[in-house]
Amino acid sequence: AAKAYPIERALKERVINDALAGEPLVVVADPESGAVRIYRRGERTFAPGANGRELVDERGRRWSVGETALTAEGDSPLERLPGHQAFWFGWYSFFPRSELYGGPPR
């Protein structure tokens, strides 16, 4: 399964709790650097933390955003999933049945 997240929207929302093919995931975007990363989230729901390198889960626990995983003291790391940035026309050429977060392109 493939899913596209418009960069502008991800950077605006900063944290997107979503799922793909039944796999809960969280998209984390840093408006300062423009970086966008996707991680498995299990049954957790995340919100932006006090800074761009931290998330807060539904229980108020703080998670650090890293290159390979989300980490919190006393909990198992949440794995980063593969992804890459592409222009929509290029993405659509390779993944014509891809989902698009937020609906069809304008």
Side-chain angles (χ1 to χ4, degrees):
K3 190 164 193 175
Y5 294 85
I7 294 293
E8 300 82 20
R9 186 160 183 183
L11 292 172
K12 181 180 178 186
E13 292 185 29
R14 292 186 53 209
V15 176
I16 300 169
N17 293 282
D18 200 12
L20 175 60
E23 176 73 37
L25 54 88
V26 60
V27 179
V28 181
D30 180 358
E32 206 169 292
S33 70
V36 178
R37 296 177 180 91
I38 302 173
Y39 303 88
R40 295 184 193 279
R41 67 178 170 91
E43 296 183 17
R44 294 167 187 83
T45 301
F46 290 100
N51 61 48
R53 303 295 303 164
E54 185 177 272
L55 300 178
V56 178
D57 69 15
E58 72 284 350
R59 296 184 312 175
R61 293 189 54 177
R62 295 183 311 196
W63 291 75
S64 297
V65 177
E67 279 299 315
T68 60
L70 296 177
T71 55
E73 191 172 318
D75 215 322
S76 297
L78 300 174
E79 172 188 22
R80 183 174 173 187
L81 298 171
H84 69 275
Q85 292 185 15
F87 289 106
W88 176 248
F89 66 86
W91 178 266
Y92 187 77
S93 294
F94 285 96
F95 303 103
R97 294 188 178 132
S98 176
E99 289 183 58
L100 176 64
Y101 177 75
R106 296 181 204 178

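The figures that follow rest on heavy atoms only: side chains count, while hydrogens, waters and symmetry mates do not.
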Asker: So, does Y39 use its side chain to make a donor-acceptor pair with the main chain of G66 at under 3.5 Å?
Answerer: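 Present.
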
Asker: Indicate the atoms forming the closest heavy-atom contact of A10 with A29, along with that distance.
Answerer: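 Nearest heavy atoms, A10 then A29: O-CB, 3.2 Å.
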
Asker: Taking atom CZ of F46 and atom CZ of R62, what is their separation to the nearest 0.5 Å?
Answerer: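 So the gap between those two atoms works out to 14.0 Å.
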
Asker: Looking at CH2 of W88 and OG of S98, how far apart are the two atoms once the value is rounded to the nearest 0.5 Å?
Answerer: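 So the gap between those two atoms works out to 5.0 Å.
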
Asker: Begin with the C-alpha distance, continue with both residues' side-chain angles, and end with the deciding distance and a verdict on side-chain contact (heavy atoms from CB on, under 4.5 Å) for Q85 and I7.
Answerer: CA-CA 8 Å; Q85 292 185 15; I7 294 293; 3.8 Å; yes

Asker: Check whether F94 and L100 end up in the same hydrophobic cluster, where Ile, Leu, Val, Met, Phe, Trp and Tyr are linked by side-chain heavy atoms less than 4.5 Å apart.
Answerer: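 Same hydrophobic cluster.
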
Asker: First locate atom CD of E23, then atom CZ of R40, and finally report the distance between them rounded to the nearest 0.5 Å.
Answerer: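 CZ of R40 is found 4.5 Å from CD of E23.
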
Asker: Enter the distance from R41:CZ to E79:CD here, rounded to the nearest 0.5 Å.
Answerer: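 Going from the CZ atom of R41 to the CD atom of E79 covers 15.0 Å.
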
Asker: Rounded to the nearest 0.5 Å, how far does CG of D18 lie from CD of E13?
Answerer: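 Rounded to the nearest 0.5 Å, the CD-CG separation comes to 9.5 Å.
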
Asker: Please say whether more than 12 non-hydrogen atoms of neighbouring residues, nucleotides or ligands are located less than 6.0 Å from OH in Y101.
Answerer: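 Count over threshold, so yes.
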
Asker: Do W63 and V15 sit in the same hydrophobic cluster, where Ile, Leu, Val, Met, Phe, Trp and Tyr count as joined when their side-chain heavy atoms come under 4.5 Å apart?
Answerer: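 Yes, W63 connects to V15 through the hydrophobic network.
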
Asker: Can a donor-acceptor pair be found, under 3.5 Å and without considering hydrogens, that links the side chain of E54 to the backbone of G49?
Answerer: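 No, E54 side chain to G49 backbone: no donor-acceptor pair under 3.5 Å.
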
Asker: Only one of D57, L55, D75 forms a side chain to side chain contact (heavy atoms under 4.5 Å, CB included) with L70, so which one is it?
Answerer: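 So, applying the side chain to side chain contact (heavy atoms under 4.5 Å, CB included) to L70 and each of D57, L55, D75, only L55 qualifies.
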
Asker: Does any non-hydrogen side-chain atom of R61 lie less than 4.5 Å from one of V56?
Answerer: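 V56 vs R61: side chains apart.
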
Asker: Kindly assign one of parallel, tilted or perpendicular to the pair W91 and H84, based on the angle between their ring planes and the thresholds 30° and 60°.
Answerer: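 Tilted, since the angle between the ring planes falls between 30° and 60°.
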
Asker: To the closest 0.5 Å, what do you measure between CZ (R80) and CG (L25)?
Answerer: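 Going from CZ on R80 over to CG on L25, the span is 13.0 Å.
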
Asker: Grouping I, L, V, M, F, W and Y whenever their side-chain heavy atoms are under 4.5 Å apart, do I16 and V36 come out in a common cluster?
Answerer: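 I16 and V36: one cluster.
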
Asker: What pair of heavy atoms forms the shortest contact from T45 to E58, and how long is it?
Answerer: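 So the two residues come closest at N-OE1, 2.8 Å.
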
Asker: Can you name the nearest heavy-atom pair linking P77 to A69, along with the distance?
Answerer: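 The pair with the smallest heavy-atom distance is CB-CB, 3.9 Å.
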
Asker: Is there a chain of hydrophobic side chains (I, L, V, M, F, W, Y, each step under 4.5 Å between heavy atoms) that links L81 to V26?
Answerer: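 No, no single cluster joins them.
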
Asker: Mark yes or no for whether R14, through its side chain, and V27, through its backbone, hold a donor-acceptor pair below 3.5 Å.
Answerer: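 Not at all, since once roles are kept as given, no pair shorter than 3.5 Å links the two residues.
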
Asker: Can you confirm whether more than 12 heavy atoms, excluding those of R9, are under 6.0 Å from its CZ atom?
Answerer: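 Yes - once you tally the heavy atoms of other residues, nucleotides and ligands closer than 6.0 Å, there are more than 12.
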
